[in-house]
Amino acid sequence: AAKTQERNTYRFYTPLMHADARMRLMLGADLRQALMRDEFYLVFQPSVELRSGRIVAVEALLRWRHPERGELMPDEFIPLAESLGLIRRIDAWTMRAVCSQIRQWDQAKLPPMRVALNASAATFGHPGFIDSVKHALQTSQISPKRLMFEITESAILRLGEATEQTMHALHALGIGIAIDDFGTGYSSLAYLKLSGIDFLKIDRSFIKDLPDSTNDMAIVEAMLAIAKSLDICTIAEGIETAAQHEYLLRAGCIEGQGYYYSRGLPASEIERMLSPNPRHETSRLRLVPPKY
Ligand code: C2E
Ligand code: MG
Ligand code: MG
Ligand code: MG
């Protein structure tokens, strides 16, 4: 796969791209080592119930602490991991890490919130996927109800028939499913009737110009209406302002994520924020504490 990738890059040769291809090659080699060297870690972004301001879930987001380049974001290495065939092992690491994190939070007596994780098409479509999920659940002894997988429209499209089987199996296990970045792919409303879809995450691109863009308002309101009538919970991504929060609340969106509430935080900070006896004030967050 690396070879094809390289050839494709060289076909449109420019000196700049040459440097880029070299960079990718080097980064790819490092990526193969990253799991063994334990260089990945997770941050968790709260998902807030708009009406109450309570944190009802967190989304696990992957980070790579590169020995020379410092902290790398998923956009800088997930596509590479996908093209090198490494994503399944990385997603498996994420799943194990999330399950053991849930167990630790349970032991620390945090309120039992949902934890979402992202899975690439290769992961979701692999025949061994469901067995590995079952295994992770067994090892960590957590309830499947605590987990939610996020999958993008383009991944659903790429997988075709396999998607339906995987979703069915996850649903049967009691695990939640969200369509991620909704509206950016070949948005087909047909996806929404696939069994087991519990959440629809409206992509940030539709949120960023709210509440000024009447076009985006119309699109978002249509998405909210169809989700509601199909009994699918809605989550708006990338809320950055109070005006966006107010608008989405009034439009009937159920949950929101974004820098307005919080960025991705280390597990310890989530724990401090939600612990029944908070020892520290979390002044950075505009959140009311969760009810118990
Ligand atoms: P996503 O699932 O759509 O995650 C949301 C992304 O938007 C995150 O970027 C998050 O930090 C960012 N974000 C959240 N709120 C705001 C906001 O208010 N404003 C702006 N500008 N951005 C916001 P991040 O962490 O860089 O992740 C990028 C993508 O990488 C994710 O998009 C997800 O598709 C993928 N990803 C993350 N972790 C994993 C993983 O473990 N496995 C796989 N396969 N993909 C992952
Ligand atoms: Mg996501
Ligand atoms: Mg998303
Ligand atoms: Mg995204």
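Both ligands and their constituent atoms are indexed starting at 1 by order of listing.
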Q: Check the pair Glu49, Ser52 against side-chain hydrogen bond (donor to acceptor under 3.5 Å, both in side chains), reporting the backbone distance first and the verdict last.
A: CA-CA 6 Å; Glu49 186 180 63; Ser52 64; 2.5 Å; yes
(Q) If I take atom CD1 from residue Ile142 and atom CZ from residue Arg103, how far apart are they, to the nearest 0.5 angstrom? (A) 9.5 Å
**Q.** Inter-residue atom distance Leu137.CG - Ser132.OG, 0.5 Å rounding
**A.** 9.5 Å
Q.
With a 4.0 Å cut-off on heavy atoms, is Glu59 in contact with ligand 1?
A. yes
Q.
If the cut-off is 4.0 Å to any non-hydrogen atom of Glu240, which atoms of ligand 1 fall inside it?
A. 17 (C), 18 (O), 19 (N), 20 (C), 21 (N)
Q. Nearest to the Mg ion (ligand 2), which N, O or S atom of Glu150 do we find?
A. OE1
Q | Location of contacts on Leu62 toward ligand 1, heavy atoms closer than 4.0 Å | A | both
(Q) I'd like to know if Arg63 contacts ligand 1, where contact means a heavy-atom distance under 4.0 Å to any ligand atom. (A) yes
Q: Using heavy-atom distances, let me know which of Trp93, Tyr260, Tyr259 sits nearest atom 13 (N) of ligand 1.
A: Tyr259
Q. With backbone taken as N, CA, C and O and side chain as the heavy atoms from C-beta onward, which portion of Asp180 lies under 4.0 Å from ligand 1: side chain, backbone, both, or neither?
A. side chain
Q. Looking at Thr94, which atoms of ligand 1 are within less than 4.0 Å of one of its heavy atoms?
A. 41 (O)
Q. What is the ring orientation for Trp64 with Phe77, classed by angle as parallel under 30°, tilted 30 to 60°, or perpendicular over 60°?
A. perpendicular
**Q.** Residue Glu150 vicinity, atoms of ligand 1 by number, heavy atom under 4.0 Å
**A.** 2 (O)
Q) Who gets closest to atom 5 (C) of ligand 1 by heavy atom: Asp91, Val98, Leu61, Asp181? A) Leu61
**Q.** Minimum non-hydrogen distance to atom 37 (C) of ligand 1, winning option of Ala81, Pro74, Gly238, Gly256
**A.** Pro74
Q: Could you tell me which atoms of ligand 1, counted from 1 in the order shown, lie closer than 4.0 angstrom to a heavy atom of Gln45?
A: 14 (C), 15 (N)
Q. Looking only at distance, does Gln257 have an N or O less than 3.5 Å from an N or O of ligand 1?
A. no
(Q) Yes or no: does Arg204 have any heavy atom under 4.0 Å from an atom of ligand 1? (A) yes
Q | Test applied, side chain to side chain donor-acceptor pair (under 3.5 Å); reference residue, Glu59; option that passes from Gln45, Lys201, Arg114 | A | Lys201
Q: Report the angle formed at the Mg ion (ligand 3) by atom OD1 of Asp180 and atom OE2 of Glu237, rounding to the nearest 10°.
A: 90°
Q.
Looking only at N, O or S atoms in Glu59, which is nearest to the Mg ion (ligand 2)?
A. OE2
Q: Considering the heavy atoms of Glu237, write down every atom of ligand 1 situated less than 4.0 Å from one of them.
A: 3 (O)
Q. Any sub-3.5 Å donor-acceptor pair from Thr94's side-chain atoms to Ile90's backbone N or O?
A. yes
(Q) Side chain, backbone, both or neither: which applies to Asp75 and ligand 1 if a contact is any heavy-atom pair less than 4.0 Å apart? (A) side chain
Q: Please state whether the separation between the Mg ion (ligand 3) and some N/O/S atom of Asp181 is under 2.8 Å?
A: yes
Q) Parallel, tilted or perpendicular: which describes the rings of Phe124 and Phe149, with under 30° parallel and over 60° perpendicular? A) perpendicular
Q. Any luck finding a side-chain donor-acceptor pair between Ser205 and Asp203 under 3.5 Å?
A. yes
**Q.** Name of the residue among Ile55, Val48, Thr234, Val56 meeting side-chain contact (heavy atoms from CB on, under 4.5 Å) with Glu255
**A.** Val56
Q. Under 3.5 Å, is there a donor-acceptor pair linking the side chains of Tyr261 and Glu240?
A. no
Q: Before giving the answer on ring pair (Phe, Tyr, Trp, His ring centres under 6.0 Å), spell out for Phe44 and Trp105 the whole-Å C-alpha distance, their side-chain angles and the decisive distance to 0.1 Å.
A: CA-CA 13 Å; Phe44 299 87; Trp105 281 336; 5.0 Å; yes
Q.
Does this structure show an ion pair linking Arg204 with Asp181, if we count only N-O contacts that are shorter than 4.0 Å?
A. no
